[in-house]
Amino acid sequence: MRILIVDDEKIKRVTLADDLTGQGHEVVTAADGQEALRLLEREVFDVVVTDVKMPKLDAWSYSSGSSRGPWRTCR
C-alpha cells in the first residue's frame, strides 16, 4: 500500500512512517499541508493519514485545495 503521512510534528511523522514501512508499505511524508498539496497534485496514494491542525495549511484547507481532492487522489 502507498501511504502519505502528513504531520507537522516530526516525531509522530517518523514514528508512524517507520512502523508502516516495517509492515511492508511504501510511505511518503509531508511536514505540512502545503507540502501535502504538492504531493497530492502529482502522485497517487492508497491512503492519506493526516494531522488535522497544522500551521501554514491545515488538513481541511489542503483537502479542498487539491484539484483532485484526496478522495479522488487515493486509489
**Student:** What distance do Asp8 atom CG and Glu35 atom CD have between them, rounded to the nearest 0.5 Å?
**Tutor:**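 Output value for this atom pair is 11.5 Å.
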**Student:** On a heavy-atom basis, which atom in Leu40 and which in Phe45 lie closest, and how many Å separate them?
**Tutor:**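 Where Leu40 meets Phe45 most closely, the heavy atoms are CD2-CD1, 4.1 Å.
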**Student:** Calculate, to the nearest 0.5 Å, the distance between atoms NZ and OG1 belonging to Lys10 and Thr15 respectively.
**Tutor:**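 Output value for this atom pair is 11.0 Å.
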**Student:** Please report the C-alpha distance between Val6 and Leu39 in whole Å, then the side-chain angles of each, then the deciding distance to 0.1 Å, and finally whether the side chain to side chain contact (heavy atoms under 4.5 Å, CB included) criterion is met.
**Tutor:** CA-CA 10 Å; Val6 188; Leu39 289 165; over 6 Å; no
**Student:** Kindly compute the distance separating CD1 (Ile5) from OG1 (Thr50), expressed to the nearest 0.5 Å.
**Tutor:**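 Ile5 CD1 to Thr50 OG1: 10.5 Å, rounded to 0.5 Å.
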**Student:** Would you name the heavy atoms of Ala30 and Ala36 that are closest together and state the gap between them?
**Tutor:**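 Heavy-atom minimum between the residues: CB-N, 3.7 Å.
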**Student:** Give the C-alpha distance, both sets of side-chain angles, the deciding distance and a yes or no for side chain to side chain contact (heavy atoms under 4.5 Å, CB included) between Asp7 and Leu16.
**Tutor:** CA-CA 10 Å; Asp7 200 311; Leu16 185 54; over 6 Å; no
**Student:** Give the table of side-chain donor-acceptor pairs shorter than 3.5 Å for residues 22-29, with sequence neighbours excluded, one pair per line with atom names and distance.
**Tutor:**
residue : atom : partner : partner atom : Å
Gln23   : NE2  : Asp19   : OD1          : 3.4
Gln23   : NE2  : Asp19   : OD2          : 3.3
Glu26   : OE2  : Arg2    : NE           : 2.9

